[in-house]
Amino acid sequence: QVQLVESGGGLVQAGGSLRLSCAASGRAFSTYNMGWFRQAPGKEREFVAVIHRSGVTTYYADSVKGRFTISRDNAKNTAYLQMNSLKPEETAVYYCAADSSPGLVRIVRGYDYWGQGAQVTVSS
């Protein structure tokens, strides 16, 4: 079992930045790939970014490339999502998730554990 807790959400103006954190407890954090997803009201949960357990390989949704950065600190059992140049349409609940698969997964059902989510609101 892995427990995930997101933090760092909040209200920001368009063009602003936020950094989300995902603190993990339970089984070895370093054995999981970590993903970030988001879900806007009335929409399906969508992939944002994923990072390999080693921290070396990352993958991003096209919509966030160049603006968002995923990272992790295995010594602190924490994953991060730095979000820059935020847009109002990116208002959503952001979730972190853990996956034990060998490769990087970009679909919701591929993840084993989920956090409770952090609200990010981008005002225009």
Side-chain angles (χ1 to χ4, degrees):
Q1 284 277 359
V2 175
Q3 292 78 42
L4 304 173
V5 179
E6 300 95 337
S7 61
L11 174 65
V12 64
Q13 288 189 331
S17 299
L18 280 175
R19 187 175 84 153
L20 301 179
S21 298
C22 174
S25 60
R27 290 189 60 187
F29 175 71
S30 61
T31 65
Y32 292 90
N33 300 328
M34 297 298 297
W36 285 95
F37 290 75
R38 63 189 179 190
Q39 187 166 19
K43 295 188 176 182
E44 292 187 353
R45 194 169 298 188
E46 65 173 1
F47 168 78
V48 175
V50 61
I51 186 167
H52 189 263
R53 54 183 58 82
S54 68
V56 172
T57 305
T58 59
Y59 190 85
Y60 296 90
D62 288 343
S63 59
V64 307
K65 280 181 182 176
R67 298 185 299 118
F68 289 16
T69 302
I70 188 171
S71 61
R72 66 189 296 158
D73 185 337
N74 286 345
K76 295 183 178 179
N77 289 351
T78 304
Y80 304 96
L81 184 68
Q82 176 68 43
M83 305 183 292
N84 299 329
S85 302
L86 282 161
K87 306 174 182 179
E89 56 265 36
E90 294 180 310
T91 293
V93 177
Y94 283 70
Y95 298 90
C96 67
D99 166 43
S100 57
S101 303
L104 297 182
V105 176
R106 288 168 277 165
I107 58 175
V108 172
R109 64 176 183 270
Y111 283 77
D112 304 305
Y113 303 101
W114 292 84
Q116 83 289 351
Q119 177 69 47
V120 171
T121 303
V122 185
S123 64
S124 57

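Worth saying up front: this structure is predicted, and the values here are computed from it rather than measured.
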Test side chain to side chain contact (heavy atoms under 4.5 Å, CB included) on Phe68 and Leu86; report intermediate values, then the result.
CA-CA 9 Å; Phe68 289 16; Leu86 282 161; 3.7 Å; yes
Can you list the steps and then say if His52 with Leu104 is a side chain to side chain contact (heavy atoms under 4.5 Å, CB included)?
CA-CA 7 Å; His52 189 263; Leu104 297 182; 3.9 Å; yes
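By the rule that hydrophobic residues join a cluster once side-chain heavy atoms approach within less than 4.5 Å of another member, Tyr32 and Tyr59 end up as members of separate clusters. Criterion: ILVMFWY side-chain heavy atoms under 4.5 Å apart, direct or through other members. Under it, Trp36 and Tyr60 are part of a common hydrophobic cluster. Transitive grouping of hydrophobic side chains (ILVMFWY, heavy atoms separated by less than 4.5 Å) keeps Val93 and Tyr80 in distinct clusters. Under the 4.5 Å side-chain heavy-atom criterion for ILVMFWY residues, a single connected hydrophobic cluster contains both Tyr94 and Leu18.
In this structure, CD in Gln39 is found 11.0 Å from CD in Gln119, a value given to the nearest 0.5 Å. Rounded to the nearest 0.5 Å, atoms OG (Ser63) and CD (Glu89) are 9.5 Å apart. Separation of atoms CZ (Phe29) and CG (Leu4) is listed at 8.0 Å; rounding is to 0.5 Å. Arg72 contributes atom CZ, which lies 9.0 Å from atom CG of Asn77 (distance to the nearest 0.5 angstrom). Rounding to the nearest 0.5 angstrom, the gap separating the CG atom in Leu81 from the OG1 atom in Thr69 is 8.0 Å. How far CZ of Arg109 is from CZ of Arg45: 14.5 Å, rounded to the nearest 0.5 Å.
In terms of modelled atom types and a separation under 3.5 Å, the side chain of Thr91 and the main chain of Val122 share a donor-acceptor contact. A donor-acceptor distance shorter than 3.5 angstrom exists from the side chain of Asn74 to the backbone of Arg53, with no hydrogens or angles considered.
Listed by chain and number, the residues in a side chain to side chain donor-acceptor pair (under 3.5 Å) with Lys65 are Asp62 (sequence neighbours excluded). Partners of Phe37 by ring pair (Phe, Tyr, Trp, His ring centres under 6.0 Å), not counting sequence neighbours, listed by chain and number: Phe47, Tyr111, Trp114.
With a 4.5 Å cut-off on side-chain heavy atoms, Val64 and Met83 do not count as touching.
The two residues Ser17 and Asn84 come nearest to each other via the heavy atoms OG-OD1, 2.9 Å. The minimum heavy-atom distance linking Pro88 with Ala14 is given by the pair CD-CB, 3.9 Å. Closest heavy-atom contact between Val105 and Asp99: CG2-OD2, 3.2 Å.
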Output a table of donor-acceptor pairs, distance under 3.5 Å, between side-chain atoms of residues 5-13 and any protein atom two or more places apart or on a different chain; print 'none' if there are none.
unit_1: Glu6; atom_1: OE1; unit_2: Gln116; atom_2: N; d: 3.0
unit_1: Glu6; atom_1: OE1; unit_2: Gly117; atom_2: N; d: 2.9
unit_1: Glu6; atom_1: OE2; unit_2: Cys96; atom_2: N; d: 2.8
unit_1: Glu6; atom_1: OE2; unit_2: Gly117; atom_2: N; d: 3.3

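Within 6.0 Å of atom CZ in Arg67, more than 12 heavy atoms from other residues, nucleotides or ligands are found, so the atom counts as buried in its surroundings.
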